[in-house]
Amino acid sequence: MKLANGIDVDSIVPENELEEEIIADIKAGRTKEVVTRCPPEPSGYWYIGHAKAWTINFETAQKFGGRTVLRMDDSNPVKEEGEFADSYMADLEWLGFKPAKFVYASEAYFDEIYKIAEKMIQNGDAYVCELSAEEVSATRGTLTEPGKNSPYRNRTPEENLKLFREMRDGKYPDGSKTLRAKIDMSHPNINMRDPVMYKIARQHHYRVGDKWCIWPQYDFVHPMEDCLEGTTYSLCDKGFQDHRVVYEWFVEHGWGKKYAPKQREFSRIVLENVLTGKRYLKQLVNGGYVSGWDDPRFPTLVGVRRRGYTAKAVKDFVKSVGWGSTIEVSVPYSALEYYVREDLNKIATRAMVVLDPLKVVITNFSGSEECEIENNPNDEAAGKHKCLFSNEIYIEKEDFSLNPPPKYNRLVEGGIVRLKGAYIIKCNKAVLNKNGEIDHLECEYLPNTKSGQDNSGIKCKGTIHFVSANNCFKVTIREFKNLVKDEYKFPAKALADGVKIEDMLQPDSLTETTALAENFLKDAKPEDKFQFMRKGYYCVDKDSTPNNLIFNSTISLKDGFKPNK
RNA sequence: AGGGGUGUAGCCAAGCGGUAAGGCACUGGAUUUUGAUUCCAGCAUGCGUAGGUUCAAAUCCUGCCACCCCUGCCA
């Protein structure tokens with residue numbers, strides 16, 4: 001069984017119920033092409049959670065050789081702004097998804113949707129209601145009681161059509177009338193109790209300006225847009241489950257075609273310990289707590305990108321969570337971090353950077369000598385780069401100890417350690433300053449132990465990284481902690497329960513320090529990703545200048561050192 | 001006269017009548033010139049609960065329980 005695009009359906013292995021359903025639809029002749037849509041409302045930035053929606057919509061279509069339309073779902077002029085559309089395009093491009101088409105619903109479909117509304121009026125499926133918002137609410141009934149029919153429910157189609165056209169032409173004040181679907185005021189599903197299709201609001205729209213004073217509402221406009229676009233599977237999150245019957249009602253009564261788009265729902269991801277919510281993040285941006293919507297501590301796609309996460313990691317993560325069975329699924333942040341490390345381990349170039357330097361003098365060596373460092377030990381094709389060993393080097397303070405804990409296999413007085421890519425050195429003396437702190441180390445190098453040509457037979461347990469004084473430069477390092485304190489597993493919930501946002505924030509979530517990097521890093525460009533060996537993954541920040549390279553700490557390496565075991 | 005969902009390990013999640021996949025986390029151990037990576041091993045006598053059907057039940061039936069969502073002219 002083949003699709004029109006040549007893909008053999010029998011060769012497709014379904015990975016969830018939706019895909020099983022799609023295959024059945026294709027075999028039954030109900031689906032000719034898989035068309036999905038990506039319908040953001042341009043009212044804020046995208047989070048990691050959105051990446052799940054886009055990944056599911058794009059990859060489901062891709063799997064069946066279909067297409068995905070990017071459609072700005074912009075039917076509410078008070079919430080929407082043009083600037084966001086551009087950021088979505090950039091996010092989508094970053095994620096690697098290419099829409100088959102890009103439209104603003106307001107421009108592309110509102111004329112057609114208006115015509116559908118008129119047709120529904122003529123069919124007796126919609127009526128103009130003059131109840132106020134409060135009255136509509138009061139007559140809707142409750143969770144357990146039926147609603148009451150609007151007194152305007154039984155107007156004739158002619159009367160409704162005349163009134164509706166007058167609404168459109170601006171004859172009535174904002175909020176004075178609505179167009180409502182004539183469904184069932186006693187339906188057990190409240191969404192079916194004559195939902196509003198159009199409201200009156202004189203509001204300037206970022207795309208269509210003042211063309212309209214009436215605006216179609218989600219329950220009506222969304223299924224109609226899907227139909228107009230040829231969407232076959234409208235994949236949204238489970239928050240819309242209750243709206244599925246409304247969707248189907250509008251498809252049947254507004255569109256009327258036998259082969260209709262299907263709405264199917266997946267679960268939302270809630271990352272533990274992560275604050276989301278436009279309202280809250282906006283507070284942090286406006287309050288100066290963060291540098292902007294792309295702050296590396298933010299869960300926005302632009303934020304994690306700046307932090308150094310890769311698109312692959314984000315996509316692999318959302319796919320690992322799966323379709324989901326409940327409305328929200330809470331996932332520990334470590335689950336995301338796993339995929340970040342996994343990808344970075346494969347692609348990040350290794351470099352030596354000393355974050356907290358301790359000077360070491362090699363007493364039996366003079367001048368300097370070239371050594372080589374693998375760019376990625378897991379990928380030979382990544383090649384090698386040169387670095388220098390000399391008589392004055394720097395190592396991490398934590399790689400030397402006067403009182404070493406058990407199993408400490410770094411440098412101690414009288415002990416030896418391997419310098420990565422260079423020689424084994426032996427520490428003869430820790431030279432203290434007048435405060436009793438370590439000023440520098442006096443060491444000797446062991447000839448015949450050079451990396452790659454060691455014939456000394458000396459066994460050395462530890463290997464540490466270093467930079468040579470004549471081969472390093474100062475860089476700025478930005479280290480991040482979670483924005484919110486660890487005790488807030490579900491920050492948005494805590495906020496709703498009355499916790500103050502200021503009390504929730506971790507006081508030192510951003511710290512800036514300097515470090516000594518090997519010269520190899522001098523040409524690094526924003527978004528370049530490195531592994532600072534034995535420390536973590538770092539990504540060049542866009543704030544960098546020619547004289548000041550800034551690295552964002554993306555994520556640390558795992559640390560398996562357990563001194564007390 | 002409520003409706004819609006969901007219950008499988010600390011967190012996700014397969015499973016669709018044949019005797020509990022996989023991943024994260026965690027714990028051992030091997031390899032390692034990154035205490036990383038990689039590798040290997042361990043991790044539910046148990047599938048919300050009580051019954052029933054069956055040679056056989058997480059899967060089918062019945063009752064009960066728990067949790068989530070829904071009363072915008074937001075999407």
Side-chain angles (χ1 to χ4, degrees), chain A residues 15-17 39-41 43 73-76 78-80 129 131-134 136-138 140-147 174-180 186-193 195-201 214-215 217-219 221-222 236 238-245 265 267 269 272 317 320-332 334-339 341-342 345-346 350 352 373-374 376-378 407-410 417-422 424 449 451-452 454 460-465 531-537 556-563 565:
Chain A
E15 283 168 83
N16 51 244
E17 279 183 26
E41 183 192 22
S43 64
D73 223 357
D74 54 0
S75 56
N76 184 354
V78 309
K79 282 172 67 183
E80 294 145 10
C129 179
L131 256 22
S132 68
E134 295 70 35
V136 167
S137 177
R140 186 160 15 239
T142 67
L143 295 177
T144 54
E145 293 163 294
D174 289 3
S176 61
K177 291 181 173 53
T178 56
L179 183 71
R180 291 228 261 165
S186 59
H187 195 103
N189 181 334
I190 290 174
N191 299 310
M192 289 288 269
R193 319 240 260 230
V196 171
M197 292 166 64
Y198 270 93
K199 68 179 174 193
I200 305 175
I214 55 170
W215 303 95
Q217 301 299 288
Y218 173 84
D219 276 322
V221 80
H222 199 94
C236 56
K238 284 186 183 271
F240 293 97
Q241 264 174 149
D242 290 345
H243 293 258
R244 187 144 127 190
V245 289
E265 311 87 7
S267 66
I269 292 176
E272 288 171 11
F317 164 67
S320 78
V321 174
W323 186 264
S325 49
T326 51
I327 292 185
E328 282 183 351
V329 129
S330 76
V331 184
S334 59
L336 202 208
E337 292 184 315
Y338 171 83
Y339 292 97
R341 286 197 182 95
E342 182 187 60
N345 178 235
K346 289 190 184 122
R350 313 293 131 123
M352 295 205 282
I373 300 290
E374 295 161 303
N376 188 333
N378 307 125
K407 305 246 185 167
Y408 186 83
N409 48 25
R410 283 111 101 152
V417 78
R418 154 83 58 191
L419 294 177
K420 178 73 187 173
I424 293 176
T449 62
S451 207
D454 185 339
C460 181
K461 273 186 296 183
T463 301
I464 63 174
H465 60 284
Q531 184 200 88
F532 293 175
M533 275 189 288
R534 302 205 311 130
K535 302 310 290 185
Y537 296 99
S556 68
L557 248 30
K558 279 195 181 178
D559 186 1
F561 181 41
K562 298 172 192 97
K565 225 179 57 183

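Every chain is numbered from 1 and lettered A, B, ... according to where its sequence line falls, protein lines coming before strand lines.
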Between CG of A:Asn189 and C1' of B:G2 the distance, given in whole Å, is 10 Å

Exercise. For B:G7 and B:C12, measure between their P atoms and round to the nearest Å.
Key: 11 Å

Touch check for A:Ile373, heavy atoms < 4.0 angstrom, all strands: base, sugar-phosphate only, or nothing?
nothing

### Query
For B:C74, does either OP1 or OP2 sit under 4.0 Å from a side-chain N or O belonging to A:Gln217?
yes

Contact check, side chains of A:Ile200 and A:Lys177, non-hydrogen atoms, under 4.5 Å
yes

Q: Considering just the side-chain nitrogens and oxygens of A:Thr326, establish if one lies under 4.0 Å of OP1 or OP2 belonging to B:C67.
A: no

Syn within 90° of 0, anti beyond: B:G46 is syn

Partner of B:C67 under the Watson-Crick or G-U wobble criteria, both distances under 3.5 Å, comes out as B:G5

Does OP1 or OP2 of B:A75 have a side-chain N or O of A:Ser75 closer than 4.0 Å?
-> yes

Does A:Ile327 reach the side chain of A:Gln241, with side-chain heavy atoms less than 4.5 Å apart?
yes

(message) Using a heavy-atom cut-off of 4.0 Å across all strands, would you classify A:Ala133 as base, sugar-phosphate, or nothing?
(response) base

When A:Pro188 and A:Ile200 are each assigned the nearest nucleotide of RNA chain B, the 5'-most assignment goes to A:Pro188

Counting any heavy atom closer than 4.0 Å, what does A:Gly322 reach on the DNA or RNA strands: base, sugar-phosphate only, or nothing? nothing

So what does A:Gly452 hit on the nucleic acid, given a heavy-atom distance under 4.0 Å: a base, only sugar-phosphate, or nothing?
base

Testing B:A36, B:A75, B:G35 for proximity to the side chain of A:Leu557, the answer is B:A36

Regarding the side chain of A:Asn76, the nearest nucleotide among B:A75, B:C24, B:C11 is B:A75

* Relative to the ring of A:His222, is the ring of A:Tyr218 parallel (under 30°), tilted (30 to 60°) or perpendicular (over 60°)? -> tilted

Point to revise | B:A9 versus B:G15 - spacing of their C1' atoms, nearest Å | key: 16 Å

Looking only at B:A75, B:G23, B:U37, the nucleotide nearest the A:Asp73 side chain is B:A75

Here the distance between atom C1' of B:C73 and atom CZ of A:Arg180, to the nearest Å, is 10 Å

### Query
A:Glu80 versus A:Glu41: any side-chain heavy-atom pair under 4.5 Å?
yes

Note to self: Tell me if the side-chain of A:His243 makes a donor-acceptor pair with the base of B:A75, cut-off 3.5 Å, by modelled atom types.
What the structure shows: yes

Rounded to whole Å, CZ of A:Phe317 lies from P of B:A13 at a distance of 11 Å

- Is there a side-chain polar atom (N or O) of A:Tyr218 under 4.0 Å from OP1 or OP2 of B:C74? no

B:C16 -> Watson-Crick or G-U wobble partner, both distances under 3.5 Å, gives none

To the nearest angstrom, the CG-C1' distance between A:Leu419 and B:U34 comes to 13 Å

Ignoring hydrogens and angles, are the base of B:U37 and the side chain of A:Arg341 linked by a donor-acceptor pair under 3.5 Å?
no

Next on the checklist: Is it the case that B:G3 (base atoms only) and A:Asp242 (side chain only) share a donor and an acceptor within less than 3.5 Å, ignoring hydrogens and angles?
Outcome noted: yes

Against the side chain of A:Asn191, the closest entry in B:C70, B:A36, B:A75 is B:C70

query = Base, sugar-phosphate alone, or nothing: which one does A:Gly421 contact when heavy atoms must sit under 4.0 Å apart?
reply = base

What's A:Ser137 touching, base or sugar-phosphate or nothing? Going by heavy atoms closer than 4.0 Å.
sugar-phosphate

Under 4.0 Å: is that the gap between some side-chain N or O of A:Lys562 and OP1 or OP2 of B:G29? no

Between A:Lys407 and A:Phe561, is the side chain to side chain contact (heavy atoms under 4.5 Å, CB included) condition met? List the steps. CA-CA 9 Å; A:Lys407 305 246 185 167; A:Phe561 181 41; 4.3 Å; yes

So A:Ser186, base contact, sugar-phosphate only, or nothing? Heavy-atom distance under 4.0 Å. base

Note to self: I want to check something: taking the side chain as every heavy atom from C-beta on, are A:Leu179 and A:Ile214 in contact at a cut-off of under 4.5 Å?
What the structure shows: no

Mind checking A:Tyr198 for me? I need base, sugar-phosphate or nothing, with any heavy atom below 4.0 Å counting as a touch. nothing

Across every strand shown, the nucleotide meeting Watson-Crick or G-U wobble geometry with B:G42 (both distances under 3.5 Å) is B:C26

To the nearest angstrom, the CG-P distance between A:Leu143 and B:G2 comes to 11 Å

Exactly one candidate in A:Arg350, A:Lys420, A:Arg534 meets side chain to side chain donor-acceptor pair (under 3.5 Å) with A:His465; the answer is A:Arg534

Among the nucleotides B:U37, B:A13, B:U34, whichever has the atom closest to the side chain of A:Asn345 is B:U37

Please confirm whether the shortest side-chain N or O distance from A:Lys461 to OP1 or OP2 of B:G35 is below 4.0 Å. no

B:G10 glycosidic conformation (syn if within 90° of 0, otherwise anti) is anti

Note: for A:Val331 and A:Ala335 on RNA chain B, the residue whose nearest nucleotide lies more 5' is A:Val331

A:Glu265 atom CD is separated from B:A75 atom P, nearest whole Å, by 18 Å

Checklist line | Distance-only donor-acceptor test, A:Asp559 side-chain atoms vs B:G35 base atoms, 3.5 Å | finding: no

Looking at A:Ser451 and B:U33, is any side-chain donor or acceptor paired with a base atom of the opposite kind under 3.5 Å? yes

A:Asn376 CG to B:U32 P, in whole Å, measures 19 Å

Picking from B:G4, B:G2, B:A75, the nucleotide nearest the side-chain atoms of A:Gln241 would be B:G4

Looking for any heavy atom pair under 4.0 Å, which part of the strands does A:Asn378 touch: base, sugar-phosphate only, or nothing?
base

(Q) Regarding A:Pro146, tell me which of base, sugar-phosphate or nothing describes its non-hydrogen contacts under 4.0 Å with the strands shown. (A) base

Regarding A:Arg350, tell me which of base, sugar-phosphate or nothing describes its non-hydrogen contacts under 4.0 Å with the strands shown. base

Review point. Which of parallel (below 30°), tilted (30 to 60°) and perpendicular (above 60°) describes A:Tyr339 and A:Phe317?
Key: tilted

> What is the nucleic acid contact for A:Lys79, judged by heavy atoms within less than 4.0 Å: base, sugar-phosphate only, or nothing?
Replying inline: base

A:Thr178 vs A:Gln217 side-chain heavy atoms within contact, under 4.5 Å: no

Has the side chain of A:Glu342 got a donor or acceptor atom sitting under 3.5 Å from an opposite partner on the base of B:U37? no

In whole angstroms, the gap separating P of B:A1 from CE of A:Met192 amounts to 19 Å

request  = Have a look at A:Asp219 and say if it touches a base, only the backbone sugar-phosphate, or nothing, with a 4.0 Å heavy-atom cut-off.
outcome  = nothing

*Confirm from the modelled atom types if A:Arg410 and B:G35 form a donor-acceptor pair under 3.5 Å, side chain to base only.*
yes

message = Under 4.0 Å from OP1 or OP2 of B:G72: is there any side-chain N or O of A:Arg140 that close?
response = yes

- Query: Hey, does A:Thr142 reach any base, or is it just sugar-phosphate, or nothing, if we go heavy atoms under 4.0 Å?
  - Reply: base

Discussion item. With heavy-atom distances below 4.5 Å as the criterion, would you say the side chains of A:Ile464 and A:Leu419 are in contact?
Written reply: yes

* If you measure from the C1' atom in B:C43 to the same atom in B:A57, how many Å do you get, rounded? -> 25 Å

The Watson-Crick or G-U wobble partner of B:U34, with both key distances under 3.5 Å, is none

